[in-house]
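Starting from 1, each residue takes its place in the sequence as its number. Note that ligands are numbered from 1 as they come in the structure, with each ligand's atoms numbered from 1 the same way.
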Amino acid sequence: MLTELSAVELAAKLRSREVSATEVAQAQLNRIAELDANLGAFLHVSPENVLEEAANAQKLLDSGEGGALTGVPIALKDNMCTLGLPTTCASKILENYIPPYDATVVGRLREQGLVLLGKTNMDEFAMGGSTEKSAYRSCHNPWDLTCAPGGSSGGSAVAVAGSLAPLSLGSDTGGSIRQPASLCGIVGFKPTYGRVSRYGLVAFSSSLDQIGPFGRSVEDVAAISDVISGYDHHDSTSLPNAGMDNSGLKDGTLKGKRFALPKELFGSGIEPGVLSVIHETIDLLKKEGVEFTEVSVPSIAQAVTIYYIIAPAEASSNLARFDGVRYGPRIEGDGHIGSAAKTRGELFGHEVKARIMIGTYALSAGYFDAYYLRAQQVRAVMAQDFEKIFAEFDAVFSPTSPAVAFKLGALDSDPMALKMLDLCTIPANMGGFPAISLNAGLSGGLPVGLQLMGPVMGDENLLQLAYSVERAMPAATVRPRL
Ligand code: GLN
């Protein structure tokens with residue numbers, strides 16, 4: 001079946017004319033029509049648009065001008081601006097909003113002739129870890145439809161895990177690519193901060209946000225990373241040598257590699273079922289020649305606390321622009337302030353409003369030093385702690401999520417429990433370094449992800465290691481039956 005092929009396999013078949021871009025796009029559209037009513041991965045799909053893009057991609061292929069992934073379909077999280085297509089961030093405050101420009105990543109995909117399949121479901125403004133905070137529809141884990149897929153990029157993870165798309169993009173501020181990848185049993189990669197442009201990504205927490213891919217294999221994730229990375233003068237935090245070259249992906253070895261195990265990520269907060277799969281994987285990798293060493297990073301204990309100060313603080317500032325004047329619908333009230341208050345009060349969801357209030361509080365005079373500044377200091381310490389480890393080790397190894405997928409609604413009454421699920425993923429955002437999640441196996445029939453983290457700008461090495469780890473793990477390629 002076309003929809004089961006990897007992105008790289010599809011690209012090869014497209015280049016050799018074994019299949020056309022239209023056939024591939026149509027196969028994915030059929031699969032979406034068949035399954036998405038139950039999965040809830042997509043917020044917008046326009047079949048006419050998809051087929052038009054596929055026809056354009058075919059022209060590129062016919063002229064021999066295509067790139068490595070020309071004609072391959074890709075789904076996009078609904079917080080990336082797409083010219084002519086809705087971009088709602090799964091919020092009522094951006095209902096029917098159609099951006100007048102493409103995010104830089106979207107422009108790169110279009111230039112390379114990838115086919116945009118549609119916009120995926122997410123937690124409103126990427127705030128959450130379950131995709132249950134979407135203002136539009138619920139999203140279901142393909143391994144068990146009664147479970148959450150994780151989040152906030154849940155729709156993008158479900159699309160790939162359920163073979164509704166071979167590839168997708170998400171955004172990761174505190175784990176929103178890696179955690180849903182882990183809960184859905186696929187590969188999710190957060191590149192080094194600054195390697196993929198944030199221009200046109202609706203900002204949540206600008207110093208932490210990073211766009212990255214989901215795929216069903218490390219090879220696919222590496223291939224799409226080459227397409228989306230690169231310097232962009234529209235993004236002031238874009239790195240000068242941002243472009244990736246993963247042509248050496250398969251040249252690595254695990255023999256003699258040194259992985260650090262931070263004991264703070266193997267403690268009592270991690271589910272026993274997750275720990276046992278991770279320990280089995282460690283044993284497997286030891287046989288491949290990896291040397292594991294336990295280390296301690298005490299600042300990890302503060303990770304969740306500082307994240308839930310810094311991210312809301314930046315969000316409170318970033319979301320000030322949604323006042324009902326420039327974007328989305330407007331609810332009239334008493335004058336400008338009254339209208340803005342009504343629009344924001346009625347159209348932002350509860351979680352978004354809570355974060356705006358926490359962030360405003362943390363930044364207010366008298367509290368700034370005690371909260372925001374202090375959190376930034378701990379962040380700097382955490383980044384240094386990891387830098388020291390990366391000077392000695394090839395990678396840091398841990399679970400991606402402390403728990404497997406949970407039942408939809410199960411954590412509604414316990415918002416702290418949901419936030420604690422970000423424990424293992426937050427450090428990479430704080431330090432800006434790259435991190436990837438791979439499926440390590442199943443616990444109670446649900447996927448368990450392992451995470452590899454590497455030094456800033458070490459993305460290619462990290463992907464090379466991840467590729468070798470994936471080859472050593474039989475569980476990396478198991479798929480849900482749908
Ligand atoms: N779960 C985290 C939060 O709720 C991370 C979100 C993200 O990475 N976008 O903020």
Side-chain angles (χ1 to χ4, degrees), residues 76-80 89-91 120-135 139 148-157 168-184 188-191 193 196 198 201-214 269 303-316 318-319 348-359 362 375 379 400-403 405-406 411-412 414-437 449 451 453:
L76 298 174
K77 187 176 184 179
D78 203 28
N79 60 352
M80 293 170 216
C89 294
S91 179
T120 59
N121 208 353
M122 57 186 282
D123 286 301
E124 185 176 1
F125 284 102
M127 297 176 186
S130 65
T131 315
E132 294 170 287
K133 302 290 191 298
S134 166
C139 189
S152 64
S153 313
S156 287
S168 64
L169 297 186
S171 64
D172 192 312
T173 304
S176 277
I177 294 173
R178 291 162 284 154
Q179 187 257 24
S182 169
L183 270 48
C184 291
F189 174 46
K190 182 198 87 71
Y193 180 81
V196 179
R198 289 183 299 108
L201 170 71
V202 178
F204 164 12
S205 178
S206 309
S207 75
L208 302 169
D209 298 342
Q210 179 63 60
I211 291 174
F214 290 93
V304 176
T305 309
I306 63 169
Y307 173 83
Y308 282 98
I309 294 171
I310 296 171
E314 294 185 12
S316 72
N318 275 326
L319 270 59
F348 276 141
H350 175 81
E351 182 68 23
V352 174
K353 285 191 276 196
R355 301 225 189 172
I356 291 173
M357 281 190 279
I358 293 167
R379 174 182 184 172
T400 307
S401 165
F406 45 91
L411 301 184
D412 279 357
D414 192 354
M416 257 330 275
L418 187 60
K419 294 182 167 65
M420 289 312 291
L421 295 184
D422 303 335
L423 174 73
C424 311
T425 46
I426 285 172
N429 302 86
M430 291 298 161
F433 48 80
I436 188 165
S437 180
Q451 176 176 236
M453 304 179 243

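Looking at Met127 next to ligand 1, no N or O pair under 3.5 Å apart turns up. On a distance-only criterion, Gly151 and ligand 1 share no N/O pair closer than 3.5 Å.
Judged purely by atom type and a 3.5 angstrom limit, Ser168 uses its side chain to pair as donor or acceptor with the backbone of Ser156. Between the side chain of Gln210 and the main chain of Lys190, no donor-acceptor pair closer than 3.5 Å is present. No donor-acceptor pair under 3.5 Å is formed between the side chain of Ser437 and the backbone N or O of Gln451. Although no hydrogens or angles enter the test, the distance criterion places no donor-acceptor pair under 3.5 Å between the side chain of Asp123 and the main chain of Ala126.
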| task | Carefully, step by step, assess Ser152 and Lys77 under the rule side chain to side chain donor-acceptor pair (under 3.5 Å). | result | CA-CA 9 Å; Ser152 64; Lys77 187 176 184 179; 2.8 Å; yes
| query | Can you check side-chain contact (heavy atoms from CB on, under 4.5 Å) on Met430 and Ile310, steps first, answer last? | reply | CA-CA 10 Å; Met430 291 298 161; Ile310 296 171; 4.2 Å; yes
| field | Worked verdict on Ser401 versus Gln179 for side chain to side chain donor-acceptor pair (under 3.5 Å) | value | CA-CA 6 Å; Ser401 165; Gln179 187 257 24; 5.0 Å; no
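Taking atom 5 (C) of ligand 1 as the reference point, the nearest protein heavy-atom neighbour is Tyr307 OH, 3.2 Å. Looking only at protein heavy atoms, the nearest one to atom 2 (C) of ligand 1 is Asp422 OD2, 3.2 Å.
The proximity of Thr173 to ligand 1, defined as any non-hydrogen pair under 4.0 Å, involves the side chain as well as the backbone. Proximity of Arg355 to ligand 1, defined as any heavy-atom pair under 4.0 Å, is confined to the side chain (atoms from C-beta onward). Counting heavy atoms closer than 4.0 Å to ligand 1, residue Ser176 contributes atoms from both its backbone and its side chain. Contact annotation for Tyr308 and ligand 1: only side-chain heavy atoms (C-beta onward) come within less than 4.0 Å of the ligand.
Residue contact check: Gly175 has heavy atoms under 4.0 Å from atoms 8 (O) of ligand 1. Less than 4.0 angstrom separates some heavy atom of Phe204 from each of these atoms of ligand 1: 9 (N), 10 (O). Those atoms of ligand 1 that come under 4.0 Å of a heavy atom in Ala126, given as number and element, are 6 (C), 7 (C), 9 (N). For ligand 1, the atoms lying closer than 4.0 Å to a non-hydrogen atom of Gly128 are 1 (N), 2 (C), 3 (C), 4 (O), 6 (C).
Here the side chains of Met420 and Asp414 are not in contact, with every heavy-atom distance at 4.5 Å or above.
Using 4.0 Å as the threshold, Ser152 has a heavy atom nearer than that to some atom of ligand 1. The closest approach between any non-hydrogen atom of Glu351 and ligand 1 is not below 4.0 Å.
Minimum interatomic distance between Phe204 and Asp209 (heavy atoms only, all atoms of both residues): N-OD2, 2.9 Å.
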